Amino acid sequence: MSPDSITDTKWTYSKMLKELPAESRYELRNNELIDMSSPSEIHQQIVFRLTLIIGSFIVNNKLGKFYTSPLDVIFDEGTVMQPDLIFVAQDHKSIIKEKGIFGAPDVLIEIVSKSSIQRDYIDKKQDYERFGVQEYWIVDPMYQTASVYTLVNNKYSLFSTADGEETFDLRSGVLEDLVVNWKDVFGEG
């Protein structure tokens with residue numbers, strides 16, 4: 001498949017399944033294929049740390065299922081994402097299928113990379129809001145900040161932030177009683 005055929009084609013989830021290798025890392029937005037670059041070491045370290053903290057909280061409290069990328073979240077035929085971290089509550093586990101998650105998970109977390117700034121802060125935030133994801137976390141290693149947005153009247157509202165200077169504890173509106181300390185995410189270790 002030539003690079004032109006990837007960018008000049010109207011893509012759907014069904015077409016991705018048929019024409020791309022199963023292990024490929026692509027997202028789909030407005031029927032346009034987006035090539036996902038490999039994450040950096042710090043990106044993966046933050047994914048690991050958050051997986052330990054949030055994953056343990058979810059498992060210990062029997063709240064639902066927690067996943068790390070790559071796993072497709074299929075919102076519709078023209079919108080498929082691979083968020084870094086995904087939480088699906090027990091009540092919504094029917095959206096979990098063998099090939100991915102078909103519908104809006106309860107919480108999605110993106111770790112910002114240099115190549116994904118626009119996508120994470122603007123595009124994905126708009127998409128996740130539009131498809132009804134209850135909570136969206138943006139974790140930015142460059143600025144060592146994290147923000148949690150919750151859906152209120154179908155619009156995201158800032159719920160919690162942590163910057164390591166004024167605020168250290170990040171809280172979730174969906175995962176009640178979860179507290180993530182800034183140092184546990186960005187600290188040396």
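Just so it is clear, the structure is predicted and the values come from calculations on it, not from any experiment.
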Visitor: Is there a continuous path of hydrophobic side-chain contacts, each under 4.5 Å between heavy atoms, that joins Val179 to Tyr149?
Guide: no
Visitor: So, for Ser69 and Pro83, which heavy atoms are closest and what is the spacing to 0.1 Å?
Guide: CB-O, 3.1 Å
Visitor: Donor-acceptor check, side chain of Thr167 to backbone of Thr161, threshold 3.5 angstrom: yes or no?
Guide: yes
Visitor: Is there a donor-acceptor contact under 3.5 Å from the side chain of Thr79 to the main chain of Phe75?
Guide: no
Visitor: What do the steps show when you test Trp137 against Leu108 for side-chain contact (heavy atoms from CB on, under 4.5 Å), and what is the final call?
Guide: CA-CA 6 Å; Trp137 294 35; Leu108 292 177; over 6 Å; no
Visitor: Sequence neighbours left out, what passes side chain to side chain donor-acceptor pair (under 3.5 Å) with Ser115? Give chain and number order.
Guide: Ser37
Visitor: Which heavy atom of Tyr26 sits nearest to which heavy atom of Leu20, and what is that distance?
Guide: CD1-CD1, 3.7 Å
Visitor: Minimum heavy-atom separation for Val88 to Pro105, with atom names?
Guide: CG2-CB, 4.0 Å
Visitor: Answer with yes or no whether the side chains of Ser14 and Glu77 bring together a donor and an acceptor at under 3.5 Å.
Guide: yes
Visitor: Would you say the side chain of Ile101 lies within less than 4.5 Å of the side chain of Tyr67, judging by non-hydrogen atoms?
Guide: yes
Visitor: Give the cluster check for Val80 versus Val133: same hydrophobic cluster or not, with ILVMFWY residues linked at side-chain heavy-atom distances below 4.5 Å.
Guide: no
Visitor: Walk me through whether Leu50 and Val139 qualify under side-chain contact (heavy atoms from CB on, under 4.5 Å).
Guide: CA-CA 10 Å; Leu50 287 173; Val139 180; 4.0 Å; yes
Visitor: Is any side-chain heavy atom of Phe131 closer than 4.5 Å to a side-chain heavy atom of Asp76?
Guide: yes
Visitor: Take Val185 and Ile46 through the side-chain contact (heavy atoms from CB on, under 4.5 Å) test and state the conclusion after the steps.
Guide: CA-CA 6 Å; Val185 177; Ile46 291 172; 3.9 Å; yes
Visitor: So, is the end of the Lys125 side chain (NZ or CZ) under 6.0 Å from the ring centre of Tyr156 and within 45° of the ring's axis?
Guide: no
Visitor: Please check if the side chain of Asn153 supplies one atom and the backbone of Lys155 the other of a donor-acceptor pair under 3.5 Å.
Guide: no
Visitor: Please round to the nearest 0.5 Å and tell me the distance separating atom CD1 of Ile86 and atom OG1 of Thr68.
Guide: 8.0 Å
Visitor: Under a 3.5 Å cutoff, is there a donor and acceptor pairing between the side chains of Ser116 and Glu110?
Guide: no
Visitor: What orientation do Tyr128 and Tyr136 show, parallel under 30°, tilted 30 to 60°, or perpendicular over 60°?
Guide: perpendicular
Visitor: Do you know the tightest heavy-atom contact between Met16 and Leu28?
Guide: SD-CD2, 3.7 Å
Visitor: Should Leu158 and Val180 be counted in the same cluster of Ile, Leu, Val, Met, Phe, Trp and Tyr side chains packed under 4.5 Å apart?
Guide: no
Visitor: Does Lys183 offer a backbone N or O that forms a donor-acceptor pair with the side chain of Asn181 under 3.5 Å?
Guide: yes
Visitor: Do Ile42 and Tyr121 belong together in a cluster built from hydrophobic side chains that touch within less than 4.5 Å?
Guide: no
Visitor: Run the ring-centre check on Phe102 versus Tyr13 and record whether the distance is less than 6.0 Å.
Guide: yes
Visitor: What distance separates Phe159 CZ from Thr150 OG1, expressed to the nearest 0.5 Å?
Guide: 6.0 Å
Visitor: Considering only heavy atoms from C-beta outward, does the side chain of Val47 approach that of Pro39 to under 4.5 Å?
Guide: no
Visitor: Give the minimum heavy-atom separation between Val148 and Arg171, together with the two atoms involved.
Guide: CG2-O, 3.6 Å
Visitor: How about Phe168: does its CZ atom have over 12 heavy atoms from other parts shown lying under 6.0 Å from it?
Guide: yes
Visitor: Donor-acceptor check, side chain of Asp140 to backbone of Met142, threshold 3.5 angstrom: yes or no?
Guide: yes
Visitor: Roughly how far, to the nearest 0.5 Å, is the OG atom of Ser113 from the CG atom of Asp120?
Guide: 7.0 Å
Visitor: What I want to find out is whether Lys124 reaches Asp127 closely enough, with some N-O distance under 4.0 Å, to be called a salt bridge.
Guide: no
Visitor: Is it the case that the side chain of Glu135 and the backbone of Val174 share a donor-acceptor pair, with hydrogens and angles ignored and the cut-off at 3.5 Å?
Guide: yes
Visitor: Do Trp182 and Leu170 come within less than 4.5 Å of each other through their side chains, counting heavy atoms only?
Guide: no
Visitor: Val59 and Phe66: side-chain contact (heavy atoms from CB on, under 4.5 Å), yes or no, with the steps?
Guide: CA-CA 8 Å; Val59 169; Phe66 189 67; over 6 Å; no
Visitor: Drop me the distance from Asn61's CG to Gln90's CD, to the nearest 0.5 angstrom.
Guide: 11.5 Å
Visitor: Closer than 3.5 angstrom, by distance alone: can the side chain of Asp106 be matched with the main-chain N or O of Ala89 as a donor-acceptor pair?
Guide: yes
Visitor: Establish whether Phe87 and Ile96 are linked, either directly or via other cluster members, by ILVMFWY side-chain heavy-atom contacts under 4.5 Å.
Guide: no
Visitor: Sub-3.5 Å donor-acceptor pair from the side chain of Asp72 to the main-chain atoms of Ile74, do we have one?
Guide: no
Visitor: Check whether Trp11 reaches the backbone of Arg29 with its side chain - one donor and one acceptor, N or O, closer than 3.5 Å.
Guide: no
Visitor: State whether a side-chain donor-acceptor pair under 3.5 Å links Gln118 with Asp123.
Guide: yes
Visitor: Hey, are Asn154 and Glu129 close enough side-chain-wise for a donor-acceptor pair under 3.5 Å?
Guide: no
Visitor: Please round to the nearest 0.5 Å and tell me the distance separating atom CZ of Arg49 and atom CD of Gln45.
Guide: 4.5 Å
Visitor: Can you give me the closest heavy-atom contact between Leu175 and Phe57, atom names plus distance?
Guide: CB-CE2, 4.0 Å
Visitor: CG of Leu71 to CG of Asp84: how many Å apart, nearest 0.5 Å?
Guide: 12.0 Å
Visitor: Is the closest side-chain heavy-atom distance between Ile117 and Val112 below 4.5 Å?
Guide: yes
